[in-house]
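All chains are named by letter (A, B, ...) in the order of the sequence lines, taking the proteins before the strands, and each is independently numbered beginning at 1.
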Protein chains: 2
Amino acid sequence: MQRAAALVRRGCCPRTPGPWGRSQSSAAAEASAVLKVRPERSRRERILTLESMNPQVKAVEYAVRGPIVLKAGEIELELQRGIKKPFTEVIRANIGDAQAMGQQPITFLRQVMALCTYPNLLDSPSFPEDAKKRARRILQACGGNSLGSYSASQGVNCIREDVAAYITRRDGGVPADPDNIYLTTGASDGISTILKILVSGGGKSRTGVMIPIPQYPLYSAVISELDAIQVNYYLDEDNCWALNVNELRRAVQEAKDHCDPKVLCIINPGNPTGQVQSRKCIEDVIHFAWEEKLFLLADEVYQDNVYSPDCRFHSFKKVLYEMGPEYSSNVELASFHSTSKGYMGECGYRGGYMEVINLHPEIKGQLVKLLSVRLCPPVSGQAAMDIVVNPPVPGEESFEQFHREKESVLGNLAKKAKLTEDLFNQVPGIHCNPLQGAMYAFPRIFIPSKAVEAAQAHKMAPDMFYCMKLLEETGICVVPGSGFGQREGTYHFRMTILPPVEKLKTVLQKVKDFHIKFLEKYA
Amino acid sequence: MQRAAALVRRGCCPRTPGPWGRSQSSAAAEASAVLKVRPERSRRERILTLESMNPQVKAVEYAVRGPIVLKAGEIELELQRGIKKPFTEVIRANIGDAQAMGQQPITFLRQVMALCTYPNLLDSPSFPEDAKKRARRILQACGGNSLGSYSASQGVNCIREDVAAYITRRDGGVPADPDNIYLTTGASDGISTILKILVSGGGKSRTGVMIPIPQYPLYSAVISELDAIQVNYYLDEDNCWALNVNELRRAVQEAKDHCDPKVLCIINPGNPTGQVQSRKCIEDVIHFAWEEKLFLLADEVYQDNVYSPDCRFHSFKKVLYEMGPEYSSNVELASFHSTSKGYMGECGYRGGYMEVINLHPEIKGQLVKLLSVRLCPPVSGQAAMDIVVNPPVPGEESFEQFHREKESVLGNLAKKAKLTEDLFNQVPGIHCNPLQGAMYAFPRIFIPSKAVEAAQAHKMAPDMFYCMKLLEETGICVVPGSGFGQREGTYHFRMTILPPVEKLKTVLQKVKDFHIKFLEKYA
């Protein structure tokens, strides 16, 4: 008590001008005073080391930004320092980052965001009325009419209403309830939050999470973080990466020996594999989940990215309802969407939503509680999400420009999907399935045994070795298939098709030349 | 194989106009077809229930948005529906949400944000040049010169440089390295990320995390999520909530019987307690952490919110360096800042940073890997953070207005801190320590034994009972002390001082009247 009071007194010091009024010299004086009473000792062992850290975090891997991307960063620095390379720039084809690849933002979205950010602009004649209308609606739903206030943990009410209205339109009238909508910090946040709630048990009753192989590595990373059990089901490369329910059966049966399979994750359209699931396939998957009592996670962030004229996106939610009440009132489903993909490509705003179906009311309470610890998703990202689901409609001032911009992005992506498939399939030793949707090619590459040996000598996975060589020789950064998972003895890489058409052609030509040289070198 | 191929074929359907071309009737037809082969069954048990969910998530509590806030929401709805109450509005004094309380955004920050959001505005004469300069600098550092691209997982480089420059200025020249700066999704994200890496071990070697009591409940929530061991040390209410190192010693000694104390969390200025730590106290804490080999977490988000003329903010980083190399090269420290507090109050953008000192290089790699799984913090929040650390300086066009706005916010907060302390201390049965900093009062309230019995009858903590009554009778929403932790048998509540002065006076008067009535009723 005495001592604490003394502490407080000694804490009091005459007010000095400026917030950091204290001078260095007086600081140094104090420091040396400290040193007098405390003699130098040698540097000590760290508290936080690879040995002492959380082993689950240590086990996490995330290839999309893994060693290959760190290497790309080093090479960029070398280029800046003027070090000569067989290329002049690094092309980061490792990630679906549309605007980094030169895609222009959708004007309407940015106009609404600017109006929300700096409401003085609402008086400016240089912004269209429909953009102002959207901005006013969003601001009126924000505390203090400001993007700078926290929103409700679940997200801004009127934005959740707009999301529900969008889903209802998208699904041909199947109703969506705003209370089932949770706005998120990108889709990744929603997926990891739901998994965090789902994982429980120990030993053989530890939760098993079924994921496709190849997968988007967010899933394996979160499974590691949560110390859950990863249950792989393999997509059928010989059938356009289709999901085969017999394979789901095999996987779940084998898993039951060592864990409690409780969750089934689906990515549709597929990442990295680009397939678009047929309605029949979705129906079979839902029936399987119903039979096996699995909680369904439907990652549908590429729902606007369907290119093949023979394919269409069907949401799990819609198919679930069309299968009748036995399913629609029993199967537990969470589906995810994002501002980052589609034709908007607003990755930086970290906007997204999750719709939950048949979630137990008590669990909804638990979900809101868990979300409230982080207070709320970025409100600017929520506003971006609102425009993704509530764009200009025919008759509105901005519709024509919006429609032109949207069609241009999606038209180009469709062109580039076909172009990529065709060019890869002209290369001996590369096979590429049709890019029905999403933003990536995931071609299968033949790696000669001599190259496999060379890779082993470098303690690298063969496709990592391949991608490193590709990066070092051409400046093109792609992600090895081993980062997504692939059948034993097969090799792939993931490359985004987002670069502008002309640049993409160059990239594909460079990959072709590299691959042929690679085959010769290791023949 | 056959079947999968068939699936793919059946997936193909003639292209229909519009993205969601499928009609409801055909959907209904399919639904009934499904029903024919699958007869109705009864509603089934959910997969995800309170019993089956992650018990660690179930254990999480977060009072700042807990039952009291849900009740406040219900009451607001009742008011909207015209239900009569003894008040006309709910005043949400439960959370430090400045702009929701009517605080206006700092003009310069929003101008820069608007320019970054919609770069066409860079040609507009209605924006000052210094704002355009900031915006150009940020955009040039973004992929595709757009806030819509992902940033590096650690954050935009030039913003990390600006943060490092700010820290160096703030700490009177003690150097800061941009490589040690990690931009985060608000401070909460940084704190939970570091704790996630730190927690390990099982049984008696499970990581113990020392937190102050009263604490900000993010800490207890994350400790529950991570299944770590919460180690309480009590702040000294009789000495302005000072931190007493003898109490730290007691806590760590007792903890060693059942866990491995590895982390010491400090909140300075204090939340909810509002004390500002003396330099001497910080020195003692650092020496204690050094002795006991504890990793220091310094939550310094209120570093700009110091009101008492007798107090000044000292950063742990600065004091650590002034204590000499034995400390500055050995003690592991992570400190946190945010866009949400200070005088900017930009909560909705979810911006923040973390500076790490003496973090093992391998752990830095692990940290970047873990952050990369969520790709990056919201780039708009990063931009907001840049303006917080890099505001207009004398001589710049916007300085005068910026300075006026800043001084007005901080001046008002200082006035309200004094006003709140004085008024609370006029109320019999309420004692309030000086609000030296931060944004809250945490007064101690006397609750008569009859009221304690009434609370027990309602299965409520006595201070929850008190706060519920306060809410129901006055519309004022504050958070019970039990949500932050307090010494057995003492009762408190946390109330923000953010409402405008006149409104705050009304709030304090209402609390006074309520408290007196409450004492009479339960005398």
(request) Could you tell me the separation between the OG1 atom of A:Thr207 and the CG atom of B:Asn54, rounded to the nearest 0.5 Å? (result) 8.5 Å
(request) Check each atom of B:Leu294 against the heavy atoms of chain A and say whether the ones under 4.5 Å are side chain, backbone, both or neither. (result) backbone
(request) Mind ranking A:Glu45, A:Gln382, A:Gln366 by heavy-atom pairs under 4.5 Å with chain B and telling me who comes out on top? (result) A:Gln366
(request) Dump the intermediate steps for side-chain contact (heavy atoms from CB on, under 4.5 Å) on A:Asp189 and B:Thr185, then the final yes or no. (result) CA-CA 12 Å; A:Asp189 170 50; B:Thr185 308; over 6 Å; no
(request) Return the option, out of A:Ser340, A:Ala221, A:Ser126, A:Ser372, with the maximum number of heavy-atom pairs under 4.5 Å with chain B. (result) A:Ser372
(request) Keeping the roles fixed (side chain from B:Lys369, backbone from A:Lys58), state whether a donor-acceptor pair exists under 3.5 Å. (result) yes
(request) With the side chain counted from C-beta on, respond yes when A:Arg110 and B:Ser146 share a heavy-atom pair under 4.5 Å apart, and no when they do not. (result) yes
(request) Could you tell me the separation between the CG atom of B:Leu147 and the SG atom of A:Cys347, rounded to the nearest 0.5 Å? (result) 12.0 Å
(message) So A:Tyr118 and B:Met113, do their side chains get closer than 4.5 Å, heavy atoms only?
(response) no
(request) Select one option (side chain, backbone, both, neither) describing which atoms of A:Glu225 are under 4.5 Å from chain B's heavy atoms. (result) side chain
(request) Heavy atoms only: give me the nearest B:Ile363-A:Leu48 pair and the separation to one decimal. (result) CG1-O, 3.3 Å
(request) Could you tell me which portion of A:Leu115 (side chain, backbone, both or neither) has an atom closer than 4.5 angstrom to a non-hydrogen atom of chain B? (result) neither
